[in-house]
Amino acid sequence: MGFSPEARGFYRNELEGIRQAGLFKEERYLHSSQDAVIEVEFPEGAAPRRVINLCANNYLGMSSHPDVIAAAQEGLRTRGYGLSSVRFICGTQDLHRQLEAKLTSFLGTEDTLLFPSCLDANAGVFEALLSDQDVMIADRLVHASIVDGMRLCKAAQDTFKHSDMEHLQEKLIEHQDKRFRMIITDGVFSMDGDLARLDVMANLAEKHNAMLFVDDSHATGYIGKTGRGTHEHAGVMGRVDIITTTLGKALGGASGGCVSGRRELVAMCRQRARPYLFSNTVAPVIVAGALRVLELIGSSTERRDKLEDNSRVWRKMLTDAGFDVKPGDSAIVPVMLYNAKLAQDMARDLFAEGIYVIGFFFPVVAKGQARIRTQLSAAHDRSHLEQAIEAFVKVGKKYDILGKGKKEIIAAYGA
Ligand SMILES: *Cc1c(COP(=O)(O)O)cnc(C)c1O
């Protein structure tokens, strides 16, 4: 027998173990498009409910923007549904090259290469550029897909403590014997919403002769005065050697990613990056939609300004109500609860109150760092935030955590 009873038993046990540990991931079914308010079926079989969405990466509200949908439809009509090919065989349309040029100009880099996703960009970029004579020095909180990409690369690996620039400097000095050094960081860190210190990093990179790599997936489109990303915010545009980012968040939320940066590095990825060489091209419908998104956000900062305003207002509402909120400048606003069960219980109660949020806990964040991560969107209006804070206060009172800090919450609930 191929799939033996023993094998089936083994996997059933594993799944049960995940459930017992409280780590089982449940899907919730949306019956609507992605927006500020969505219709969600949860638990499975329940009648869909309209809830305010505070957990999407739909930062600029582009996921169901009528102009983006119209452009995508036009792309579908004129360029077809799929290309049935990888890029270098017969999967590159003029649209793909136009999108790469638009991304290059938006990000302020020299060239750009599209990938099926940013996960794929990260999976391919390190192996394409570095060898066993080199070293990758990464922040300890980088995204899982960077960790995976580094594993596929033969260069030596090292890490520095999260955002600790002295530690990074020590590592750069320690690795001066290597041919190339690459500093690797996220632009906005997804769980805390804090920004990488790119001004310091760019200086360190130049002083210690290293390349600087930034994954700006949670920033592209809205961080910085014109939304170009953390490099704009930090005043180091043109000094980041490689940016990877996604089309799956602020830039429309469909799918797709890219490597953007120094011309020669991007050209090497075109020759060597395996997810580019061996996975299908991004569909024309997505490329056409993303082109429209870049036109919209390139011609006006209205949406990123509204998002900045929403984030500031929401942060203040939570803080004034007595929640323990992580400080930061992004549209990611984590409400700290420390205890995993508390985070899950509160998220469930908030859903009952019409607010869709998710509790995060180990292993997604460190042990004792459980939280509800809220995310703002330019699609939210003040009335959404007012409804949401009312529900948060009601639930916060129920669990008696308002006005309490880390020590008191842990004393009451454990970590
Ligand atoms: C979301 C995210 C990714 C993955 O992007 P996809 O295009 O969905 O694969 C990669 N890196 C970071 C930092 C992210 O936040």
Side-chain angles (χ1 to χ4, degrees), residues 25 34 55-60 62-63 96 99-100 103 107 112-126 136 138-153 159 162-163 182-198 201 212-223 227-231 233 240 242-261 269 273-276 278-283 285-287 289-290 293-294 328 330-334 358 360 364-365 373-377:
K25 290 177 197 63
Q34 190 62 274
C55 58
N57 302 313
N58 181 22
Y59 293 121
L60 297 174
M62 291 293 168
S63 303
H96 294 79
L99 179 56
E100 287 172 344
L103 284 164
L107 298 171
T112 301
L113 177 61
L114 288 173
F115 280 78
S117 70
C118 187
L119 180 146
D120 283 316
N122 289 337
V125 62
F126 304 111
M136 305 175 279
D139 186 287
R140 286 192 185 156
L141 290 189
V142 291
H143 192 258
S145 58
I146 293 180
V147 175
D148 290 355
M150 288 170 65
R151 275 195 207 136
L152 293 169
C153 174
T159 60
H162 176 53
S163 270
M182 189 182 283
I183 303 171
I184 299 168
T185 185
D186 288 13
V188 170
F189 289 87
S190 60
M191 285 300 140
D192 288 354
D194 57 325
L195 273 61
R197 299 167 65 186
L198 290 191
M201 284 186 177
L212 179 55
F213 170 104
V214 179
D215 177 343
D216 230 9
S217 289
H218 274 289
T220 302
Y222 82 93
I223 296 283
R228 280 147 216 276
T230 47
H231 58 326
H233 178 89
V240 176
I242 308 163
I243 296 169
T244 60
T245 192
T246 183
L247 304 178
K249 292 187 170 106
L251 301 185
S255 66
C258 69
V259 170
S260 192
C269 288
R274 296 170 68 84
Y276 165 83
F278 298 116
S279 189
N280 207 30
T281 189
V282 181
V285 53
I286 292 173
V287 176
V293 169
L294 286 172
S330 72
I332 297 172
V333 184
I358 298 284
F360 288 89
V364 179
V365 294
R373 179 181 71 171
T374 62
Q375 290 172 282
L376 283 300
S377 169

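Order of listing sets the numbers, starting from 1, for every ligand and every atom in it. Computed from a predicted structure; not experimentally measured.
Counting the atoms of ligand 1 from 1 in the order shown, those under 4.0 Å from a heavy atom of T246 are 5 (O), 6 (P), 7 (O). Near S145, the atoms of ligand 1 lying under 4.0 angstrom from a non-hydrogen atom of the residue are 10 (C), 11 (N). In summary, the atoms of ligand 1 found under 4.0 Å from a heavy atom of D215, numbered by their order in the structure, are 10 (C), 11 (N), 12 (C), 13 (C). Taking a cut-off of under 4.0 Å to the non-hydrogen atoms of K249, the atoms of ligand 1 that pass are 1 (C), 2 (C), 3 (C), 14 (C), 15 (O).
With no hydrogens or angles considered, a side-chain donor-acceptor pair links T281 and H96 at under 3.5 Å. For the 3.5 Å distance criterion, the side chains of S117 and D120 qualify, holding a donor opposite an acceptor. With hydrogens and angles left out, the side-chain atoms of D216 and T245 include no donor and acceptor closer than 3.5 Å.
Relative to atom 10 (C) of ligand 1, the option among H143, H218, M191 with the closest non-hydrogen atom is H143.
The closest approach between G256 and ligand 1 falls below 4.0 Å for a heavy atom of the residue. For G257, the closest heavy-atom approach to ligand 1 does not fall below 4.0 Å. Taking 4.0 Å as the cut-off, C118 counts as a neighbour of ligand 1 on heavy-atom distance.
Looking at L119 against ligand 1, both its backbone and its side chain come within 4.0 Å, counting heavy atoms.
Every N/O-N/O distance between D186 and ligand 1 stays at or above 3.5 Å. Close N/O approach between S190 and ligand 1 is not found [any backbone or side-chain N/O within under 3.5 Å].
Classification of the Y222-Y59 ring pair by plane angle, with boundaries at 30° and 60°, yields tilted.
Between L141 atom CG and D194 atom CG the span is 7.5 Å, to the nearest 0.5 Å. Distance check, rounded to the nearest 0.5 Å: CG of D139 to CG of D215 gives 12.0 Å. Summarising the geometry, atom CD1 belonging to I146 is positioned 7.0 Å from atom CD1 belonging to I184; distances are rounded to the nearest 0.5 Å. Here C258 contributes atom SG and L113 contributes atom CG; the two are 8.5 Å apart, rounded to the nearest 0.5 Å.
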